[in-house]
Amino acid sequence: MAIELFSTVGYHAASVAEIGNRTDLQAGALYYHIKSKEELLWEILRRYTEIALAGAQRVVAMDVDPVEKLGKLIDVHVTIIARHRREVLIQLRDAEALSAEHMRQLQVLRQEVQDCWEGVLEEGYRAGALTRANRIVANGLLGMVNSLPQWYRPGRGQSIDEIAREFRAMVIDGLAR
């Protein structure tokens with residue numbers, strides 16, 4: 001319920017009372033389950049980012065050609081982003097509301113995701129299969145895929161598989177030798 005509320009009205013506009021109303025808990029009872037509203041935000045963003053990291057790590061561990069690995073990384077990330085589009089919207093808009101320590105921890109997790117992407121690109125570049133591999137390319141690819149929740153609406157238009165296929169084709173055609 002908090003995910004829906006935060007993604008709809010924003011973290012700052014969502015009150016603990018409203019979260020409690022949506023979960024049929026009084027604010028006092030809600031605080032039994034969470035330490036604070038900021039802690040709830042942290043848990044939402046941490047869980048989502050850990051899912052993204054686990055998906056990227058599964059792909060990195062695959063014993064496949066680097067270009068195929070890059071395609072699978074795109075497929076997995078698009079699917080995760082689509083499934084967790086509300087969490088991504090919250091992260092894009094409200095992550096700055098995290099405490100300094102939670103923001104640091106989130107940045108560590110996000111960097112691990114980025115390291116996976118950079119590693120796959122570097123692997124492809126070293127193998128001579130990709131024309132470039134650097135932080136800018138990795139950031140661009142992640143930015144492209146992470147923007148999906150801003151325009152993708154489930155059940156309207158293309159399916160997630162079609163979107164992943166188009167992203168994959170665009171990236172591979174642009175980077176593969």
Side-chain angles (χ1 to χ4, degrees), residues 1-25 30 34 37-38 40-60 62 64 67-98 103 106-107 109-114 116-118 120-121 130 136-176:
M1 293 299 167
I3 293 171
E4 182 181 332
L5 186 61
F6 287 172
S7 69
T8 304
V9 302
Y11 170 81
H12 295 291
S15 69
V16 173
E18 180 62 22
I19 295 167
N21 287 342
R22 290 180 181 226
T23 58
D24 292 327
L25 293 172
L30 184 60
I34 62 168
K37 188 170 94 167
E38 186 273 339
L40 185 57
L41 175 64
W42 160 239
E43 286 301 317
I44 291 167
L45 298 182
R46 180 191 58 77
R47 282 187 206 143
Y48 152 71
T49 307
E50 287 176 346
I51 290 167
L53 177 58
Q57 289 172 331
R58 276 193 308 276
V59 173
V60 167
M62 292 178 175
V64 296
V67 173
E68 183 178 349
K69 193 177 284 190
L70 178 59
K72 289 184 180 299
L73 192 57
I74 292 167
D75 291 346
V76 165
H77 205 69
V78 165
T79 300
I80 290 168
I81 295 289
R83 285 186 185 143
H84 298 275
R85 62 189 230 19
R86 291 181 182 268
E87 291 94 322
V88 177
L89 289 169
I90 295 166
Q91 182 165 308
L92 291 171
R93 183 183 52 220
D94 297 319
E96 84 287 341
L98 290 171
M103 182 56 90
L106 183 62
Q107 282 305 110
L109 290 171
R110 291 170 69 180
Q111 185 60 53
E112 289 181 47
V113 172
Q114 181 162 335
C116 290
W117 282 76
E118 289 178 14
V120 168
L121 289 167
L130 299 176
I136 295 168
V137 173
N139 281 332
L141 294 176
L142 282 165
M144 176 183 73
V145 178
N146 288 338
S147 72
L148 186 68
Q150 295 173 319
W151 55 268
Y152 169 71
R153 298 294 174 264
R156 293 189 238 158
Q158 295 82 15
S159 71
I160 286 303
D161 289 340
E162 290 172 304
I163 292 168
R165 190 171 41 254
E166 287 300 319
F167 278 8
R168 191 175 56 245
M170 180 175 51
V171 169
I172 304 280
D173 290 349
L175 292 176

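Counting from 1, the numbers follow the sequence of the chain as shown.
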(message) How long is the straight-line distance from CZ of Arg47 back to CD of Glu87, given to the nearest 0.5 Å?
(response) 9.5 Å
(request) Give, for atom CG of Leu45 and atom CG of Leu40, the distance between the pair rounded to the nearest 0.5 Å. (result) 9.5 Å
(request) Starting at CG of Leu5, measure out to CD of Glu18 and round the result to the nearest 0.5 Å. (result) 5.5 Å
(message) Could you walk me through whether Val137 and Leu130 satisfy the side-chain contact (heavy atoms from CB on, under 4.5 Å) test, starting with their C-alpha distance in whole Å, then the side-chain angles of each, then the deciding distance to 0.1 Å, before giving a yes or no?
(response) CA-CA 11 Å; Val137 173; Leu130 299 176; over 6 Å; no
(request) Check whether any side-chain heavy atom of Leu141 lies under 4.5 Å from a side-chain heavy atom of Leu121, and answer yes or no. (result) yes
(request) Return yes if some donor-acceptor pair links the side-chain N/O of Arg93 with the main-chain N/O of Ser7 below 3.5 Å, else return no. (result) yes
(message) Testing the basics here: between Gln91 and Leu106, what is the closest heavy-atom pair and its distance to 0.1 Å?
(response) OE1-CD1, 4.2 Å
(request) Starting at CD of Glu118, measure out to CG of Asn139 and round the result to the nearest 0.5 Å. (result) 7.0 Å
Which donor-acceptor pairs under 3.5 Å do the side chains of residues 159-167 make with protein atoms, sequence neighbours left out?
unit_1, atom_1, unit_2, atom_2, d
Ser159, OG, Asp161, N, 3.4
Ser159, OG, Glu162, N, 3.1
Ser159, OG, Glu162, OE1, 3.3
Glu162, OE1, Ser159, N, 2.7

(request) Over all heavy atoms of both residues, which pair between Met103 and Ala95 is shortest? Give the atoms and the distance, please. (result) CE-O, 3.0 Å
(message) Salt bridge or not between Glu43 and Arg46? Use side-chain N to carboxylate O under 4.0 Å.
(response) yes
N/O donor-acceptor pairs under 3.5 Å from side chains in residues 70-81, not counting sequence neighbours:
unit_1, atom_1, unit_2, atom_2, d
Asp75, OD1, Arg168, NH1, 2.2
Asp75, OD2, Arg168, NH1, 2.8
His77, NE2, Asn146, OD1, 3.0
Thr79, OG1, Asp75, O, 2.9

(request) Report the C-alpha separation of Val113 and Trp117 in whole Å, then their side-chain angles, then the decisive distance to 0.1 Å, and conclude whether the side-chain contact (heavy atoms from CB on, under 4.5 Å) test is met. (result) CA-CA 7 Å; Val113 172; Trp117 282 76; 4.1 Å; yes
(request) Please report the closest heavy-atom contact between Leu41 and Ala97, naming both atoms and the distance. (result) CD2-CB, 3.9 Å
(request) Indicate the atoms forming the closest heavy-atom contact of Ala14 with Lys37, along with that distance. (result) O-NZ, 2.6 Å
(request) Nearest 0.5 Å please: distance from the CD1 atom of Ile44 over to the CD1 atom of Ile90. (result) 5.0 Å
(message) Let me confirm one number: the CZ-NE2 distance from Phe6 to His12, rounded to the nearest 0.5 Å.
(response) 10.0 Å
(request) Could you tell me which residues satisfy side-chain contact (heavy atoms from CB on, under 4.5 Å) with Leu89, sequence neighbours excluded, listed by chain and number? (result) Arg85, Pro149, Gln150
(request) Determine, step by step, whether Arg83 and Ile51 satisfy the side-chain contact (heavy atoms from CB on, under 4.5 Å) criterion, reporting the C-alpha distance in whole Å, the side-chain angles of both residues, the deciding distance to 0.1 Å, and the verdict. (result) CA-CA 11 Å; Arg83 285 186 185 143; Ile51 290 167; over 6 Å; no
